[in-house]
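For the single chain, residues carry numbers from 1 onward in sequence order. Hydrogens, waters and symmetry mates play no part in the numbers below; they use all other heavy atoms, side chains included.
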Amino acid sequence: VVLASATTAALAQTHDLLPVPREASWGAGSLVLGESDGRGPARFALEGRCDLRVERALDRASARLVRRGAPRPIRVARGKAAAMLVVACAHPGRPVQAVDEDESYSLTVDSRGAKIEAPNSLGALRGLETFLQLARREGTRWVVPAVTIRDAPRFPWRGLLVDPCRHWIPVDVVKRTLDGMAAVKMNVLHWHLTEDQGFRIESRRFPRLHEQGSDGLYYTQEQVREVIAYARDLGIRVVPEFDMPGHTTSWLVGHPELAAGPGPFAIVRTWGIFDAVFDPTREEVYAFLDGFLGEMAALFPDAYLHIGGDEVTGKPWNEDPRILDFIYQRGMRDKHDLQVYFNTRVNEILTRHGKRMMGWDEILQPGLPKTVVVQSWRGAQALADGARQGYDVILSQGYYLDHMLSAATHYAADPIPADSPLTEAERRHVLGGEACMWAEFVSPETVDSRVWPRTAAIAERLWSRADLRDADDLYRRLEVQGARLEELGLTHRSAGLAILRRLAGSHPVEPLKVLADVVEPLKHYQRGQTRRYTSETPLDRLVDAAAPESDVARRFGREVERFLATPAASRDDRGLRELLGLWRDNHRALDAVAAAVPALAEVRTLSRDLSSVGELGLAALDRLRSAATTAEWQAQARLLLDQAKVSRAAVTLAILPSVARLVDAAAAPGR
Ligand code: ACM
């Protein structure tokens, strides 16, 4: 079957693949996986030494194709020539997935069949995801285009941090997050299990930790094993983090004897940096940590264990004469030296339990053992410094999903940027990166929309070639594969609408949707400054329904640029006018709803601003068509834009910069 040429032309060289494979050579024709009416279902077979992970992945692949509407594929016995897709592994893979385990694979597709070949089961899993991304409906058929792909990741460490401490993330949400990660070839779940706000894992040795530190919201060890097994099936390692010596309030509720400074301690229910900290001078603390970390080292099979180490204020240390004396007696200078001492002791414990220690970049201090992995979050400088000093390093700076930045922003952050001063040898210490989903403003309902699809952009940055940098093409593919993620049960597209429906109650939801589509949550840490939040504050407002990045605003912005780049005589402003008119007129309908619903009182001014901005955009288009602007009009326009810039309801109007572009263009001489 030869693809219709129109279809071929419409596909960019990257097709819809996300992440883009290292090498792809596109052929003519395609493999038919079956008819939409159910005839001619695909036949799948395994070859070689694939392990059970690949067996199960084939079954999941079949189920996903069925969910898309393809006929249910049939599994046939090994070596059957009739198989349409053969998956072959040279080796099963290691019993515990390792950071340096080969994830490469090749995928060849022609009109007679498809074959995935991999050195081990891990590569086969990655190849199957690529195969699934390629399978699509074409007319009445399900097809996979002819291609030869040779693929392997740029970085071996491609992670996502999940924080179930600030807000609880139940096991089913963790699992669907893992499904999404596997779909974009991520391979590390960094599970941030303890915090000031919660101790989220069962300890059988020290049950007061989870009993008194969690409000009953913790993972049992059985659930932890279940998640680890689930992740392994998907080719994902699970690295737990037990943040210490700071960020430890929840430990101290049941074990105040670990603390520097007097208790009692209570679970923290607000956000920020807190002083609670272990006492690194006492041997009992290390005996306790030996017991606890030993228990956790046995529970988590991965070779790495993260000890946090971030944001230690050191205040209780500086206030305790005994601790100050310890610092003095040992010839240390300050709290940094004391934390190095603590880290060194903890590293000895972990080494004894067979683990490699990781920590945030604060732990990068003189004397840190070279086996420790440093995760950079405060600046990319720590990454370069660490690599230069011979530490393995991981980048998270630039990948903070809670900052509510655009996919393009995250996409631009590179663990080894083009201008990196690192030598080849130093670059080998850069293991990769991790997206971080800190959960101050995340609930089980909203977490998917805060993770997806932006995390897919980071996944591509960590998997694909460094010179792949086209944000427009990224967004095109995020649209396709972002939607595909829903077949895994992720709710990143649907959850926002559910929140809006709840807000609207018996009133029509559409006007609220028009508003939600053009706003974005406040960036960085600004939301927390708009009012007092606690872990009890519901996350059920417009800001929670809004996507971190407004697709409507992005598309509008591109349309504005295209419009302005067109010679005045051949401009067509109808599309822009339609949107601006929609925004101008939305307020009447929305205000009627907002007037009746107390929870929507906060959006009334915002909605009125949107209306004014829509009207202003239309006026700018009028002036671009004909009339010259006056200084007075320009001044008024600027004033209005400035007023609309004020954040309300913890969001901003994301279309504002593009409307400002129209106003500026209208005001420019010789427009
Ligand atoms: C961090 O964001 N404190 C690692």
Give a yes or no on whether a salt bridge exists between Glu440 and Arg527, defined as a side-chain N under 4.0 angstrom from a carboxylate O. no
Does the Arg200 side chain pair with the main chain of Ser214, one donor and one acceptor, at a distance under 3.5 Å? yes
With sequence neighbours excluded, what pairs up with Arg72 under the side-chain contact (heavy atoms from CB on, under 4.5 Å) test? Val66
Do Glu561 and Arg661 meet the salt-bridge criterion of a basic N to acidic O distance under 4.0 Å? yes
Out of curiosity, Leu478 CG to Trp452 CH2, how far, rounded to the nearest 0.5 Å? 10.5 Å
Taken in chain and number order and not counting sequence neighbours, the residues that satisfy salt bridge (charged side-chain N to carboxylate O under 4.0 Å, His left out) with Arg531 are none
Indicate whether the side chain of Thr14 and that of Asp473 have a donor and an acceptor atom separated by less than 3.5 Å. yes
Is the ring centre of Tyr400 less than 6.0 Å from the ring centre of His410? no
Ion pair check, Glu486 and Arg68, cut-off under 4.0 Å: no
Using only atom types and a distance under 3.5 Å, with no angle test, would you say the side chain of Arg64 pairs donor to acceptor with the backbone of Leu488? no
Would you call Glu559-Arg562 a salt bridge at under 4.0 Å N-O? yes
Basic-acidic side-chain contact under 4.0 Å: Asp472, Arg476: no
Could you tell me if Asp215 and Trp168 have a donor-acceptor pair between their side chains, going purely by distance under 3.5 Å? no
Flag the pair Leu189 / Tyr230 as yes when at least one side-chain heavy-atom distance between them is below 4.5 Å, and no otherwise. no
Check for me whether the distance between the ring centres of Trp438 and Tyr525 falls short of 6.0 Å. no
I'd like to know whether Arg648 forms a salt bridge (charged side-chain N to carboxylate O under 4.0 Å, His left out) with Glu602, so could you lay out the CA-CA distance, the side-chain angles of the two residues, the decisive distance to 0.1 Å, and finally the verdict. CA-CA 7 Å; Arg648 303 177 199 283; Glu602 66 171 358; over 6 Å; no
Strictly below 4.0 Å, N to O, side chains only: are Glu103 and Arg158 in salt-bridge contact? yes
Quick one: do Arg604 and Asp591 make a salt bridge, cutoff under 4.0 Å? yes
Are any non-hydrogen side-chain atoms of Asp151 and Leu107 less than 4.5 angstrom apart? no
Does Lys513, at its NZ atom, have more than 12 non-hydrogen atoms belonging to other residues, nucleotides or ligands within less than 6.0 Å? no
So, using side-chain contact (heavy atoms from CB on, under 4.5 Å) as the criterion, who are the partners of Ser464 when residues are at least two apart? Pro19, Val20, Glu460, Leu468
Taking atom types as modelled and ignoring hydrogens, do the side chains of Glu520 and Thr652 form a donor-acceptor contact shorter than 3.5 angstrom? no
Strictly under 6.0 Å, is that where the ring centroids of His190 and Trp377 end up? no
Do Arg554 and Tyr475 meet the cation-pi criteria used here (NZ or CZ under 6.0 Å from the six-membered ring centre, within 45° of the axis)? yes
If you count the non-hydrogen atoms of other residues, nucleotides and ligands that lie under 6.0 Å from CD in Glu222, is the total more than 12? no
Run Lys523 and Glu549 through salt bridge (charged side-chain N to carboxylate O under 4.0 Å, His left out) and show every step you take. CA-CA 10 Å; Lys523 311 293 172 194; Glu549 178 173 19; over 6 Å; no
Taking the side chain from Asp402 and the backbone from Met437, do they hold a donor-acceptor pair closer than 3.5 Å? no
Examine Arg237 relative to Trp157 and say whether NZ or CZ is less than 6.0 Å from the centre of the six-membered ring and inside a 45° cone about the ring axis. yes
Using 4.0 Å as the upper bound for N to carboxylate O, is an ion pair formed by Arg584 and Glu615? no
Are any side-chain N or O atoms of His492 and backbone N or O atoms of Gly482, one a donor and one an acceptor, separated by less than 3.5 Å? yes
Using side-chain heavy atoms (C-beta onward) and a distance below 4.5 Å, is His524 in contact with Leu405? yes
So do His192 and Val162 actually touch side chain to side chain, heavy atoms under 4.5 Å? no
Using a strict threshold of under 4.0 Å (side-chain N to carboxylate O), is an ion pair present between Asp163 and Arg166? yes
Could Asp448 and Arg493 be called an ion pair, given the rule that one side-chain N must be under 4.0 Å from one carboxylate O? no
Should the pair Arg461 and Tyr411 be classed as cation-pi, given the thresholds of under 6.0 Å to the six-membered ring centre and 45° from the axis? yes
Without swapping roles, check the side chain of Asn586 against the backbone of Pro511 for a donor-acceptor pair under 3.5 Å. yes
May I ask you to check whether Tyr219 and Trp191 place their ring centres under 6.0 Å from each other? yes
Test item: Thr177 side-chain N/O and Val173 main-chain N/O as donor-acceptor pair under 3.5 Å: yes
Quick one: does Arg137's side chain have a donor or acceptor within less than 3.5 Å of a partner on Ala70's backbone? no
Side-chain (Arg454) to main-chain (Arg450) donor-acceptor, under 3.5 angstrom: yes
Is there a donor-acceptor contact under 3.5 Å linking the side chains of Thr409 and Ser406? yes
Any ion pair linking Lys185 and Glu129 (charged N to carboxylate O, less than 4.0 Å)? no
Are Asp179 and Arg60 close enough for a salt bridge, meaning some N to O gap below 4.0 Å? no
Backbone N/O of Phe199 and side chain of His210: donor-acceptor pair under 3.5 Å: no
Could you label the plane-to-plane angle of the Tyr533 and Phe441 rings as parallel, tilted or perpendicular, counting under 30° as parallel and over 60° as perpendicular? perpendicular
Between the side chains of Ser443 and His167, is a donor N or O closer than 3.5 angstrom to an acceptor N or O? no
Could you tell me whether the side chain of Gln221 and the main chain of Glu202 form a donor-acceptor pair under 3.5 Å? yes
Go through the side-chain N and O atoms of Gln481 and Asp16 and say whether any donor and acceptor fall under 3.5 Å apart. no
